[in-house]
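Taking it in order: structure first as structure tokens, then the write-up.
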Amino acid sequence: MMLYVSTRNADEKVTASQAVLKGLAEEGGLFVPEQIPALDVPMDKLKDMTYQEMAYEVMKLFLTDYTEEELKACIRNAYDEKFDTSEIAPLVKVKDAYHLELFHGATIAFKDMALSILPHLLITAARKNEVKNDIVILTATSGDTGKAALAGFAEVKGTKIIVFYPKDGVSPIQQKQMVTQKGDNTFVVGINGNFDQAQTGVKQMFSDPALASLMKANGYQFSSANSINIGRLVPQIVYYVYAYAQMVKSGDIQGGEKINVVVPTGNFGNILAAFYAKNMGLPIGKLICASNENKVLYDFFTTGTYNKNREFILTSSPSMDILISSNLERLIYRIAGNSAQKNQELMKSLQETGAYTITEEMKEQLASFYGNYASEEETAAVIREVYQNDGYIMDTHTAVAAAVYKKYRNETKDGAKTVIASTASPYKFTRSVMKAIDDKYDKKPDFELVDELEALSKVKVPKAVEEIRTAPVIHKTVCEVDEMQSVVKEFLKIK
Ligand SMILES: *Cc1c(COP(=O)(O)O)cnc(C)c1O
């Protein structure tokens, strides 16, 4: 059986379902699989599988205490008509790269890939572990996780969900998507602060013993829908295997041929899933980590020092406006030789000084990573250029990846076939996307731009956007960073 161990305490080991249920380990650690399992189905077989079939083959290796029936039911309930294509994650060739479109789910961003299955994994885990409490999902969002988690958990019996988002740090469409969310068990709060403050506030509530006992006394317990939950990471491994299999199937690559993967990165969850896929034996060469102007990860990969002491920049790719990339801790733990103690020391330094430096020996193990970043101008330019040359319109996050890929190609002349993780529909960031194409659009109202985008891209307006055109605002709560805990208590009616 596969067990999960905390990155901060070698003695804390749990099963997969317990890790999903808890979200975060004690002392703020993250759960990691004790070892990465090898992909045990040959590519020749994988290439003819549906997304759902492949999801089972990959996830069963990690979630070993779920029965076949349970896991297959979770997969069936997640990857269904909520997605607007039966391919679930189509691979689209655009010039010299393959765009893995991860935005065909209910909320048109890649978070749907994991958050449409997490509620099912969690409810199943609660049943397996005989949990009687109601589960309260506490989530900080830089814009996309919030809506995807709300959509996944709305009206799910035995759960409540509370989402905190930076009030002035998300796109107008993202905000509208969240504040119009229906469901008595949903609660959305804007905070006067940035994503890192929201995430830190949520982590503090998770590790507050007084709050935990108050919750327990009232029949509640917390869990997390953030990408620190292993139940989000595991489903994300699937689409890298799927992309590779599609390329083998179409004859674009030979089985065994190495591909590169470019991932627009914020909290380091998506690219970590690609790293896990590589460690399972998927032939991935370079893992290209693309940042926006909040380039803390680029600096880390080039210098070996992680330093969050810098200005927080609001960019046109808000879901990547992050200075504390939580999932990087899982990589640090690994390159520290799976040492909870060494990892703990570095995380302590991060907490106390805002920075840490890894050893040369650890740095050598990062050879398969390449980090770079794109400025706001470079991001806009690549959107404009690809639209003009190829008629394909990317969202701002994907554009950061495309711009970084261009830099990588120029620098290295590496001609390996490359997959770009295409993380959001351009409709989610309509204003920034249209403005990148032509400044003249910036004067028009949001929903007029939606129609203009449809005319230019010839891609139909997604249902997720149609729905919010006229939807009433339901959630109006705004709070200060230090009021987050009292807002939670109020919502749950506990004192
Ligand atoms: C969340 C998100 C990212 C960043 O992904 P991480 O897993 O946090 O690195 C990139 N693009 C979009 C559109 C997102 O929603």
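Residue indices begin at 1 and follow the sequence shown. Ligands are counted one by one from 1 in listed order, and the atoms in each one are counted from 1 as well.
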Practice task
Using a strict cut-off of less than 4.0 Å between a Lys/Arg side-chain nitrogen and an Asp/Glu carboxylate oxygen, indicate whether D144 and K428 qualify as a salt bridge.
Solution key: yes
Handout entry: Lys/Arg cation over aromatic Y373: K407, 6.0 Å, 45° cone
Key = yes
Handout entry: Note: E385-K95 ion pair, threshold 4.0 Å (strictly below)
Key = no
Practice task
Inspect the contact between K176 and D446 and indicate whether a charged nitrogen and a carboxylate oxygen are less than 4.0 angstrom apart.
Solution key: no
Problem - Basic-acidic side-chain contact under 4.0 Å: K82, D112 - result: no
Exercise for the section: Kindly assign one of parallel, tilted or perpendicular to the pair Y51 and Y242, based on the angle between their ring planes and the thresholds 30° and 60°. Expected result: perpendicular
May I have the N/O to N/O pairs between ligand 1 and the protein that fall below 3.5 Å, each with atom names and distance to one decimal?
{"residue": "ligand 1", "atom": "7 (O)", "partner": "G269", "partner atom": "N", "Å": "3.2"}
{"residue": "ligand 1", "atom": "7 (O)", "partner": "N270", "partner atom": "N", "Å": "2.9"}
{"residue": "ligand 1", "atom": "8 (O)", "partner": "N267", "partner atom": "N", "Å": "2.8"}
{"residue": "ligand 1", "atom": "9 (O)", "partner": "G266", "partner atom": "N", "Å": "2.8"}
{"residue": "ligand 1", "atom": "9 (O)", "partner": "N267", "partner atom": "N", "Å": "3.2"}
{"residue": "ligand 1", "atom": "9 (O)", "partner": "F268", "partner atom": "N", "Å": "3.0"}
{"residue": "ligand 1", "atom": "11 (N)", "partner": "T423", "partner atom": "OG1", "Å": "2.9"}
{"residue": "ligand 1", "atom": "15 (O)", "partner": "K111", "partner atom": "NZ", "Å": "2.6"}
{"residue": "ligand 1", "atom": "15 (O)", "partner": "D144", "partner atom": "OD2", "Å": "2.5"}

